[in-house]
Structures are given as structure tokens and as C-alpha cells.
Amino acid sequence: MSLSEEFAGRVTIVDHPMVQHKLSILRDVNTSSKQFRELVRELALFEGYEATRDLPLEDVEVTTPLMTTTCKMVRGKKLAIVPILRAGLGMVEGMLELMPAAKVGHLGMYRDESTHEPHEYYAKMPEDIAARDVIVVDPMLATGGSATAAISYLRACGVRNLKLAVLVAAPEGVRAVLESDPDVQVLTCAIDEGMNEACYIMPGLGDAGDRIFGTK
Ligand code: PRP
Ligand code: URA
């Protein structure tokens, strides 16, 4: 049974042909930092479409050049984007293009290179975070340690409606996140084969933070 079947309705694979195309370029070791950043932004925008698919609509009257008619607009939902630093920063711009009124909270976390355990080093949320629907963004979901820590932190802040948007996931990470929280939904462009002994996603795309910021 696939993860999508096992956790029905809680895992969305965003596999539009344009997403698959862009993700393949993102994976390529020869893709430059500049292009990598652009692709992360674009893929975040695509994921944003899926993450906001269930936003409530309301009827509004619109006068076209020809007549007045009833149309639909998004009913003022309060949203927040929470990137897991550093790599999650790369996805903020694409999400904000779609949701310009969203607020942004920052959660700093790094993975210890030997234990692979996440360490929180920074947190700054909008004051009314508990009243917002939150999309946590991070390009990579490997062991799931960073994402589950971020989700626990946000639950402790009182957040009720929570989604996690990643670009590439290992099956172990998807399972860890879904088992750690009964309500969180996960969106990913791909679920890869697994992880290597250093807990890098295989085939993956390497270290997303280093590729976005050119630090390696
Ligand atoms: C990467 C990635 C995730 C985390 C995923 O961040 O951006 O936050 O690892 O791994 P996990 O699922 O096993 O926790 P990293 O710790 O390398 O920090 P960076 O964003 O500063 O590069
Ligand atoms: N973090 C990354 O940036 N890449 C991986 O493959 C795993 C964790």
C-alpha cells in the first residue's frame, strides 16, 4: 500500500507535468544556484496552489463592462507561511506571490551532522499565529526530525490548521510526520526511494540550503 493510500487524504503529491519537469532540473547537479533558487520559488508557487485548494469562497457582486454579476472571491482567511530556516526561505517568495496578505513566521532549525537530530536556534512568529492557517515550508523532508519539531512547536503555539509543503520527501519522513500529528497534511512534489547512511534523500537533490545559498 502506498503512503497516499495508507494516510488517505493527508498526503498530496503535486505531480503536474510542469512540476515534474522543473523538479528534474532542480535535481541536476549541474544546475546553478541562481537557477536552483528560481526553481524553488516556482515550485513553491505550484505547491501553494494545491495547499490553498480548500480555501473557502464567498459570493461578491462584480460589475463587468457589460453587466453586474455574482462572482466568487476567497473569504478573508488568515494565513501564515512558516519557513524552516535556512532552506525553507527559498520557498517563501513563491508562496507570497500567491498569498500576498499572508504573514511569515521564521523557525530556525539545523540538523546535527552526526546524530541527524534537529536543533532549534530561532523562532519568531506573528503575534496572532494561533488564529492563522499555517503552511510550513521546507524543500526537504528526510528523517522528518526537523518537520515534526516544527509542527510540535506550532501546535504548542495553538495552531489548529497546519500543512507541511516540501519539494522532495523520503518515505520515512512522510511517515514520521503523519504519525507524529493526527491532523497535519503533507504536500510534496515527489516521494523518493529512501535515504543514505548520512540521512540524505536518495536520489534527492543534495543539500538544499547549500544549493540555494551557494555555501558549498
Ligand atoms: C535540511 C532541510 C530540512 C532538514 C531535513 O536542513 O532543509 O530542514 O534538513 O532533514 P530531516 O527531515 O532529517 O530533519 P539543514 O538542517 O541541512 O539546515 P539548512 O536549511 O540550514 O541547510
Ligand atoms: N537535507 C537536505 O538538504 N537534503 C537532504 O537530502 C536531507 C536533508
Side-chain angles (χ1 to χ4, degrees), residues 3 7 10-11 13-14 22-33 35-41 43-44 47 81-95 104-125 134-155 162-181 184-216:
L3 281 164
F7 295 95
R10 296 181 59 206
V11 188
I13 315 282
V14 184
K22 287 173 190 291
L23 184 60
S24 301
I25 305 172
L26 194 73
R27 289 182 189 276
D28 191 331
V29 67
N30 294 312
T31 295
S32 69
S33 269
Q35 197 181 5
F36 194 92
R37 274 195 296 276
E38 285 166 5
L39 288 162
V40 169
R41 181 185 64 75
L43 287 166
E47 275 207 322
I81 312 299
V82 176
I84 301 179
L85 308 184
R86 286 175 302 169
L89 284 174
M91 295 177 68
V92 173
E93 200 182 315
M95 288 275 170
V104 181
H106 292 88
L107 202 46
M109 244 174 237
Y110 72 90
R111 251 184 13 159
D112 183 288
E113 281 187 11
S114 45
T115 65
H116 313 302
E117 289 293 318
H119 292 274
E120 184 189 315
Y121 60 87
Y122 183 76
K124 182 78 182 170
M125 295 298 136
V134 174
I135 306 174
V136 176
V137 294
D138 190 331
M140 309 305 279
L141 175 60
T143 64
S146 309
T148 53
I151 291 161
S152 308
Y153 172 87
L154 289 161
R155 291 294 191 208
L162 196 47
K163 292 180 181 170
L164 170 71
V166 304
L167 302 185
V168 181
E172 296 89 334
V174 177
R175 177 176 294 284
V177 165
L178 294 172
E179 287 180 348
S180 78
D181 185 287
V184 71
Q185 292 183 31
V186 176
L187 297 101
T188 181
C189 300
I191 299 181
D192 278 9
E193 288 161 23
M195 291 183 287
N196 67 10
E197 60 291 343
C199 290
Y200 272 82
I201 301 171
M202 299 295 279
L205 49 73
D207 188 308
D210 282 341
R211 295 194 67 183
I212 288 170
F213 295 107
T215 43
K216 225 171 217 171

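First listed ligand is number 1; within each ligand, the first listed atom is number 1.
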Would you mind running through ligand 1 and noting each atom that sits below 4.0 Å from a heavy atom of [X]?
X      : answer
Gly209 : 22 (O)
Ala87  : 7 (O), 20 (O)
Leu85  : 20 (O)
Met140 : 2 (C), 3 (C), 5 (C)
Gly145 : 12 (O), 14 (O)

So is there a nitrogen or oxygen of [X] less than 3.5 Å from a nitrogen or oxygen in ligand 1?
X      : result
Gly144 : yes
Ile84  : no
Tyr121 : no
Tyr110 : no

Decide whether the shortest distance between a heavy atom of Thr215 and an atom of ligand 1 is less than 4.0 Å.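 No; Thr215 lies far enough from ligand 1 that no heavy-atom distance drops under 4.0 Å.
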Does ligand 1 have any atom sitting under 4.0 Å from a heavy atom of Gly173?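 It does not; every heavy atom stays at 4.0 Å or beyond.
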Any chance you could measure [X], atom [atom1], to [Y], atom [atom2], to the nearest 0.5 Å?
X      : Y      : atom1 : atom2 : answer
Glu120 : Leu85  : CD    : CG    : 10.5 Å
Met125 : Leu154 : CE    : CG    : 5.5 Å
Ser146 : Glu117 : OG    : CD    : 9.5 Å
Tyr110 : Arg86  : OH    : CZ    : 13.0 Å
Arg111 : Ile84  : CZ    : CD1   : 12.0 Å

Would you confirm whether [X], through its side chain, and [Y], through its main-chain N or O, come within 3.5 Å as a donor-acceptor pair?
X      : Y      : answer
Arg211 : Gly206 : no
Arg10  : Val184 : yes
Arg27  : Leu205 : no
Arg41  : Met91  : no

For ligand 1, the portion of Asp207 having any non-hydrogen atom under 4.0 Å away: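 Near ligand 1, Asp207 shows its side chain, while the N, CA, C and O stay back.
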Counting heavy atoms only, which part of Asp138 comes closer than 4.0 Å to ligand 1: side chain, backbone, both or neither? side chain
With a 4.0 angstrom cut-off on heavy atoms, strictly below it, pick out the residues next to ligand 2 and order them by chain and number. Arg111, Met140, Ala142, Cys199, Tyr200, Ile201, Gly206, Asp207, Ala208
Go through the steps to decide whether Cys189 and Lys22 satisfy the test side chain to side chain contact (heavy atoms under 4.5 Å, CB included), and finish with yes or no. CA-CA 10 Å; Cys189 300; Lys22 287 173 190 291; over 6 Å; no
After noting the C-alpha distance and the side-chain angles of Met95 and Val104, does the key distance pass the side chain to side chain contact (heavy atoms under 4.5 Å, CB included) rule? CA-CA 10 Å; Met95 288 275 170; Val104 181; over 6 Å; no
So, for atom 12 (O) of ligand 1, does the protein have a heavy atom nearer than 4.0 Å? yes
Give a yes or no on whether atom 4 (C) of ligand 1 lies under 4.0 Å from any heavy atom of the protein.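 Yes, at least one protein heavy atom sits under 4.0 Å from atom 4 (C) of ligand 1.
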Can you tell me the protein heavy atom closest to [atom] and the distance?
atom                    : value
atom 21 (O) of ligand 1 : Arg86 NE, 2.9 Å
atom 18 (O) of ligand 1 : Met109 O, 4.1 Å
atom 14 (O) of ligand 1 : Ser146 OG, 2.6 Å
atom 15 (P) of ligand 1 : Arg111 N, 4.2 Å

How close do [X] and [Y] get, counting heavy atoms only, and between which atoms?
X      : Y      : result
Thr143 : Met195 : N-SD, 3.6 Å
Ala170 : Gly194 : CB-O, 4.1 Å
Leu141 : Ala147 : CD1-CB, 3.7 Å

Side chain to side chain contact (heavy atoms under 4.5 Å, CB included) assessment of Met140 paired with Tyr200: CA-CA 9 Å; Met140 309 305 279; Tyr200 272 82; over 6 Å; no
